[in-house]
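Reviewing the structure listed below.
Hydrogens, waters and symmetry mates play no part in the numbers below; they use all other heavy atoms, side chains included. The chains referred to below are lettered A, B, ... by the order of the sequence lines, with proteins before strands, and numbering in each begins at 1.
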Number of protein chains: 2
Amino acid sequence: MEPTATVLDLNQLRRSCSSCALHELCLPAGIGADDLNRLDATVKDKRMLDRGAMLYREGDKFDALYVVRSGSLKSFVQNEAGDMQILAFHLPGEIIGFDALASNQHVSQAEALERSSICELPYAHLQRVTSEVPALHRQLMRVISREVVEEHRHLMVMGRQQAQEQMATFLKSLANRYQRLQRDGAALNLSMSRYDIANYLGLVVETVSRLFSRMEEMGVLEVNRKSVRILRPDLLAGLCRADTMSKQKDAS
Amino acid sequence: MEPTATVLDLNQLRRSCSSCALHELCLPAGIGADDLNRLDATVKDKRMLDRGAMLYREGDKFDALYVVRSGSLKSFVQNEAGDMQILAFHLPGEIIGFDALASNQHVSQAEALERSSICELPYAHLQRVTSEVPALHRQLMRVISREVVEEHRHLMVMGRQQAQEQMATFLKSLANRYQRLQRDGAALNLSMSRYDIANYLGLVVETVSRLFSRMEEMGVLEVNRKSVRILRPDLLAGLCRADTMSKQKDAS
DNA sequence: GCGATCTATTGACGGAGGTCAACTGGCACC
DNA sequence: GGTGCCAGTTGACCTCCGTCAATAGATCGC
């Protein structure tokens, strides 16, 4: 619990950031070896979550940020009536829990979509380290900012695009994130259900299902339940803004 | 530029927070007289914006938060194709500019909907004051948190509600915010165009127009161009979730 | 192994809301 | 006051997508 750099034991190192397969992706990206060690020290524990298990709920006290190490999660909100709106899906290397930064308690919920491994970064400790390591602080800010931009993009997609464009945009975004993971960006293995995708996009499950079928007919995808292969990335990209004039574009 | 409390001159006080008609609403809410003075000192200048004038643009360097003193603004993002998505409308007493907190540059734009007066809170200075006045810091965090919750609500409205429910929700939200301003919550004076409302809700302008007419027929509203009177708040509230089963509610 | 249940797909149908067009009323500018 | 222009309204039409229903395939528990 010393504010100064902590000596690491081997055990710590084994599950630590510098040895993590994702270490180019999450917080430590672009951080030097020395500073990486100090970040390592803040990683409290690796947590396993089974499919359906909650990482945090609305109202939970905020005490840590979390990095997805393997698996995936969805975060969502619920209104009084109990219906849910999915805000985002989270893949390995991505950090979640920012929603609680301001109020010190979570205003959304996070649930594992499959068996997932999570790194816990106790915030008090993280804060101490980031105050000592400016590069880390900047990196954290960059990640939060990306989160904000992503939420704006989600609003834009929901508000201005048609169902097929939304699906294309969603798949392209997933493909991009898969690629950053050095996985094959063309071979998606969807961990979320059709219901989840529909909810995320503001559609119903039948529409999502039909769109998968239609895009398969068009030769863009090859769909086999959870496994989706992008055969024609070029066509997919085109579908993100297929009919250039859908809805009113500008409110000038 | 001293980190310690600054002596205020009369000139400063005249346009300052403690004398501001909105001082119960924005940042200083619940802050003691002494601390209020210190916040006063951070308010740099009152800015006037004409209708259509930009407060900040995407990419602008972040150096201040802003409080709407009078008038109103919209904030929005634009994609590569140039179409816009309105994120929020901002009424007097509300603080904007948070979008730049993380990355140190704005990732959205803010434009005045009418002639508006703006308080500028240079962030460097504000930061110094909030670090000295915990109550102020907490209040700032609370405001940011409300912003996040509001964005979640927006997503929920767009994703899960029908056009009429969306409109009802939008109007009720406006009415609530008017009431906090000690204005008559039933007599709305919309500063945004029908296009803006449509864009905000992900609809087209004709739909918005028709919904105003329909709600007038139903006896809920009295609409006269920009001026909207809520005749039956009870009915309006009911419309926010009229058909309890629209769209699929849960993705469990 | 077998039913129960959940997830996904597909078809038929209808309606909410988008598109197109015409019209009106304000408002600014000569 | 006339004219042009833009914001807003209204109607006619049509389509996208939500609803309902049936079915098949997975998955799970026993």
Side-chain angles (χ1 to χ4, degrees), chain A residues 50-52 74 83 113-115 157-168 188-217 221-228 239 242-252, chain B residues 50-52 74 83 113-115 157-168 170 189-217 221-228 239 242-252:
Chain A
D50 280 325
R51 174 186 156 82
K74 66 179 172 189
D83 31 34
L113 291 168
E114 57 192 315
R115 193 168 165 73
V157 168
M158 276 187 131
R160 315 242 69 73
Q161 300 196 176
Q162 313 224 45
Q164 181 171 284
E165 302 171 315
Q166 290 187 65
M167 274 290 286
L188 308 179
N189 223 305
L190 306 180
S191 56
M192 68 290 291
S193 71
R194 302 288 196 259
Y195 284 88
D196 285 334
I197 299 175
N199 181 288
Y200 176 74
L201 297 174
L203 305 170
V204 294
V205 69
E206 292 93 332
T207 303
V208 169
S209 192
R210 270 187 257 275
L211 286 170
F212 271 125
S213 303
R214 192 199 296 176
M215 289 168 113
E216 194 165 25
E217 277 170 31
L221 304 178
E222 186 180 287
V223 183
N224 198 315
R225 258 186 111 65
K226 299 272 182 191
S227 125
V228 173
L239 291 180
D243 65 304
T244 53
M245 265 309 172
S246 91
K247 294 211 180 167
Q248 287 155 350
K249 296 176 66 174
D250 209 281
S252 62
Chain B
D50 281 326
R51 176 186 153 83
K74 65 179 171 189
D83 31 32
L113 291 168
E114 57 191 316
R115 194 167 163 73
V157 168
M158 275 183 123
R160 314 244 69 74
Q161 300 195 176
Q162 313 226 44
Q164 181 170 284
E165 302 170 316
Q166 290 188 63
M167 273 290 285
F170 168 69
N189 223 304
L190 306 179
S191 56
M192 68 293 289
S193 71
R194 301 289 196 259
Y195 285 88
D196 285 334
I197 299 174
N199 182 287
Y200 175 73
L201 297 175
L203 305 169
V204 294
V205 69
E206 293 92 332
T207 303
V208 169
S209 192
R210 269 186 259 275
L211 285 170
F212 271 125
S213 304
R214 191 198 299 176
M215 289 168 113
E216 195 164 24
E217 276 169 32
L221 304 178
E222 186 181 285
V223 182
N224 198 314
R225 257 183 113 64
K226 298 273 183 191
S227 125
V228 173
L239 291 180
D243 67 303
T244 52
M245 266 309 173
S246 89
K247 292 210 180 168
Q248 287 155 350
K249 296 176 68 175
D250 209 280
S252 61

- prompt: Whole Å only: how far is the CZ atom of Arg214(A) from the C1' atom of dT10(C)?
  reply: 14 Å
message: What verdict does the side chain to side chain contact (heavy atoms under 4.5 Å, CB included) test give for Met192(A) and Lys74(A), after you've listed the backbone C-alpha separation in whole Å, the side-chain angles of each residue and the deciding distance to 0.1 Å?
response: CA-CA 8 Å; Met192(A) 68 290 291; Lys74(A) 66 179 172 189; over 6 Å; no
- line: Nearest heavy-atom approach of Gln166(B) to Leu203(B) is NE2-CD2, 4.0 Å
message: Looking at every heavy atom in both Met167(A) and Leu211(A), which two are closest together, and how far apart are they?
response: CG-CD1, 3.4 Å
Minimum side-chain heavy-atom gap Phe212(A)-Leu190(A) below 4.5 Å: yes
field: Closest nucleotide among dT10(D), dA8(C), dT9(D) to the Ser193(A) side chain
entry: dA8(C)
message: OP1 or OP2 of dT10(D) versus the side-chain N and O atoms of Ser209(B): is any pair under 4.0 Å?
response: no
field: Thr207(A) vs dC17(D): side-chain N/O to OP1/OP2 distance below 4.0 Å
entry: no
- request: Using five pairs at either end of the helix from dG1(C)-dC30(D) to dC30(C)-dG1(D), determine the angle between the two local helix axes and round it to 10 degrees.
  value: 50°
- line: Closest non-hydrogen contact found for Val204(A) with Ala198(A) is C-CB, 3.5 Å
query: With distance as the sole criterion, do the side chain of Glu206(B) and the base of dC20(C) form a donor-acceptor contact below 3.5 Å?
result: yes
query: Rounded to the Å, how far apart are Met167(A) CE and dC16(D) P?
result: 17 Å
- request: Grab the CD-C1' distance between Glu217(B) and dG11(D) for me, whole Å please.
  value: 13 Å
query: Can you find a side chain N or O atom of Lys226(B) that sits less than 4.0 Å from OP1 or OP2 on dG8(D)?
result: yes
field: Distance-minimising heavy-atom pair for Met158(B) and Leu201(B)
entry: CE-C, 3.8 Å
- prompt: Counting N and O atoms only, with roles assigned by atom type, does the side chain of Arg194(B) sit under 3.5 Å from a partner on the main chain of Glu206(B), one being a donor and the other an acceptor?
  reply: no
- prompt: Tell me, for nucleotides 23-30 of chain D in 5' to 3' order, what letter each nucleotide earns: B for a base near a protein heavy atom under 4.0 Å, S for only sugar-phosphate near one, - for neither?
  reply: ---S----
query: Picking from dT9(C), dT10(D), dG18(C), which would you name as closest to the side chain of Val204(B)?
result: dG18(C)
- prompt: How long is the line joining CE of Met215(B) and P of dT10(D), in whole Å?
  reply: 15 Å
Pair of N/O donor and acceptor under 3.5 Å linking dG11(D) base with Arg210(B) side chain: yes
message: Treating Arg160(A) as the side-chain partner and Asn199(B) as the backbone partner, does any N or O pair qualify as donor plus acceptor under 3.5 Å?
response: yes
message: Measure CD1/Ile197(B) against C1'/dT9(D) and give the value in whole Å, please.
response: 14 Å
query: So which heavy atom on Ser191(A) is nearest to which on Glu114(A), and how close?
result: CB-OE2, 3.3 Å
message: Nearest whole Å is fine: how far is dA7(D) P from Asp196(B) CG?
response: 10 Å
- request: Kindly say if Arg194(B) contacts the phosphate of dT9(D), meaning a side-chain N or O under 4.0 Å from OP1 or OP2.
  value: yes
Partner set under side-chain contact (heavy atoms from CB on, under 4.5 Å) for Ser209(B), not counting sequence neighbours: none
- prompt: When the distance from CD of Gln162(B) to P of dG14(C) is rounded to whole Å, what number comes out?
  reply: 18 Å
- prompt: In terms of side-chain heavy atoms of Tyr195(B), which of dG8(D), dT19(D), dT10(D) is nearest?
  reply: dG8(D)
task: Examine dA16(C): is either OP1 or OP2 under 4.0 Å from a nitrogen or oxygen in the side chain of Gln164(B)? Give yes or no.
output: no
query: Whole-Å distance between dG8(D) P and Phe212(B) CZ?
result: 10 Å
